[in-house]
Amino acid sequence: MARPISTGLEYFPLDVDVDQDDKIALIESDFGLIGFGIIIKLFMKIYSNGYFYEWGEKEQKLFTRRVNVDNNRLSEVVNAAIKWEVFDEETFSYQGVLTSKGIQKRYLEACVRRKEVSIDKSILLLTAAECKKYKNLIVVDNKSKSEVVNVDNNPKSAELMSTETPQSKVEESKVKERRVEESKSNISAPANAHLFYQDNFGIESPTVMDTINFWIDDMSEELVIEAMRRSAVDQKGFRYAEGIMKKWLKKNITTMKQVEAEDISFSNQKRGNGSYSKQPLKVEELPNWAQEGYESPKEEMMSPESAFGLQYRLYKLQRDDKNRMRIASGFNEQYGEGVFEKFLQDKLIDEAAMQRNGVD
């Protein structure tokens, strides 16, 4: 089957007495809380995907890993859910997806504020009378690549059939472009930011509501609405609007006049030389050690007398003759054969003389 187009929900309604539903109760009676949890997890996956979830070997393995449940137990729960009509058996058998009439109804009710909502004809479980309740519903036939428009939206024709010809593709592209342009010009900005969100992005979850309130406190409701309007024009989501607001906040833009001035500055900047004005390149001078032909400075050699003074202290601390010989050998390699022994002999004579004279 061709993959149906779907748009997921940020959250979905879940009744507080969902466990009292006979279908769910039957699952819980057979599998306990594990079965109940799997069903709720499947609902989450379905609504995040839209109104269905393809259920094949790959999806089953991934889902098993995410919920940390044995693969066999997961299969048993899903089969029981199909048996007890939590999911539609015929749609699963022929299309390989998990969905139900109740899931599709709740999905359409959650999308009631969206301008258009598409459902694939091959897995649509609602009757024609039920479909008429949703004015924004568009039934899509992915197999024949045609669009079945809701009768209430287009009373003259219940179906708009298209053929696979280059001319029809060009016409379809033009229609889509025209719809985009019309949608851009029709995006209005109500005084309430929350209403604007619901009119252009969908149902407002509690998290989004709090986020919008935070942005209003940080900036102003007018700027929050303007950021969302720009995001809607570009057919982006609320996160894109947040990105716009973050840039304004970083530049300390707090009024619409400043926004307009920033737009003009940005436009002028792009116009100059067809791109942003070029900034002078900063030339960094390389350090001496990185210059070509650099030679590291030669370390000055310590005089034998000074070196012996240091080595003699170390020599006296040694109790092992091997270590003393190693010190003497290293010194002689640097200053010449027998030098250490000569200095050592002179040093011992001086110390003996000092002891005779009573000097410590």
Side-chain angles (χ1 to χ4, degrees), residues 58 61-71 207 210-211 214-215 217-219 227 236-254 258 261-263 265-360:
K58 181 185 74 173
K61 285 184 177 180
L62 291 173
F63 195 86
T64 299
R65 184 174 181 180
R66 291 188 182 113
V67 299
N68 194 25
V69 175
D70 179 74
N71 191 43
T207 302
D210 291 341
T211 303
F214 288 144
W215 278 112
D217 292 339
D218 285 343
M219 306 184 77
K236 305 289 186 179
F238 182 66
R239 288 185 179 179
Y240 186 82
E242 283 194 287
I244 294 174
M245 290 185 282
K246 286 176 183 178
K247 288 182 180 179
W248 288 346
L249 202 62
K250 192 174 182 180
K251 294 181 178 181
N252 200 28
I253 294 175
T254 57
Q258 290 176 321
E262 173 66 16
D263 290 343
S265 174
F266 179 78
S267 179
N268 292 337
Q269 201 172 27
K270 285 187 68 176
R271 198 177 295 118
N273 296 326
S275 181
Y276 296 106
S277 58
K278 293 183 178 179
Q279 299 294 328
L281 295 175
K282 182 180 178 181
V283 180
E284 294 187 2
E285 187 174 341
L286 293 173
N288 291 334
W289 56 265
Q291 300 284 354
E292 186 176 354
Y294 171 79
E295 293 183 3
S296 57
K298 295 181 180 179
E299 295 182 3
E300 293 185 5
M301 194 172 184
M302 186 180 294
S303 67
E305 291 80 4
S306 299
F308 176 78
L310 297 173
Q311 292 297 315
Y312 179 67
R313 296 191 189 96
L314 184 61
Y315 180 86
K316 286 183 67 177
L317 293 173
Q318 304 302 318
R319 295 288 183 265
D320 189 347
D321 290 340
K322 289 183 179 180
N323 290 336
R324 290 188 172 188
M325 289 177 63
R326 190 179 297 112
I327 293 172
S329 177
F331 189 89
N332 289 336
E333 284 182 6
Q334 189 170 5
Y335 293 101
E337 190 66 31
V339 175
F340 185 85
E341 288 75 8
K342 180 179 181 302
F343 280 128
L344 179 62
Q345 185 179 2
D346 293 342
K347 186 69 174 175
L348 293 174
I349 292 173
D350 290 342
E351 288 181 350
M354 292 173 65
Q355 286 180 358
R356 285 197 300 270
N357 295 328
V359 179
D360 293 333

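Note that this is a predicted model, so its numbers are computed, not measured.
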Asker: Flag yes if more than 12 heavy atoms outside Asp217 fall under 6.0 Å of its CG atom; otherwise flag no.
Answerer: yes
Asker: How many angstroms lie between atom CZ of Phe238 and atom CD1 of Ile244, to the nearest 0.5 angstrom?
Answerer: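 Those atoms lie 10.5 Å apart.
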Asker: Specify the closest pair of heavy atoms between Phe340 and Asn332, including all atoms of both residues, with the distance to one decimal.
Answerer: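 Scanning both residues completely, I find the closest heavy atoms to be N-OD1, 2.8 Å.
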Asker: To the nearest 0.5 angstrom, please state how far the NZ atom of Lys247 sits from the NZ atom of Lys251.
Answerer: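 One gets 7.5 Å once the value is rounded to the nearest 0.5 Å.
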Asker: Considering non-hydrogen atoms only, spot the tightest contact between Asp70 and Thr64 and give its length.
Answerer: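 So the minimum-distance heavy-atom pair works out to C-CG2, 4.1 Å.
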Asker: Side-chain contact, heavy-atom cut-off 4.5 Å: Phe343 with Tyr335?
Answerer: no
Asker: Main chain of Ala261, side chain of Ser265: is a donor-acceptor contact present, judged purely on distance under 3.5 Å?
Answerer: no
Asker: CG/Asp350 to CD/Gln345 distance, rounded to the nearest 0.5 angstrom?
Answerer: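 Nearest 0.5 Å value for the CG-CD distance: 11.0 Å.
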Asker: I need the Lys236 NZ to Glu242 CD distance, nearest 0.5 Å.
Answerer: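 Result: 15.5 Å between the selected atoms.
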Asker: How long is the straight-line distance from CG of Asp263 back to CZ of Phe266, given to the nearest 0.5 Å?
Answerer: 9.0 Å
Asker: Ignoring hydrogens, what is the shortest heavy-atom contact between Met219 and Ile253? Give both atom names and the distance.
Answerer: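 Smallest interatomic distance, heavy atoms only, reads CE-O, 3.7 Å.
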Asker: Rounded to the nearest 0.5 Å, how far apart are OG of Ser329 and CD of Gln334?
Answerer: 12.0 Å
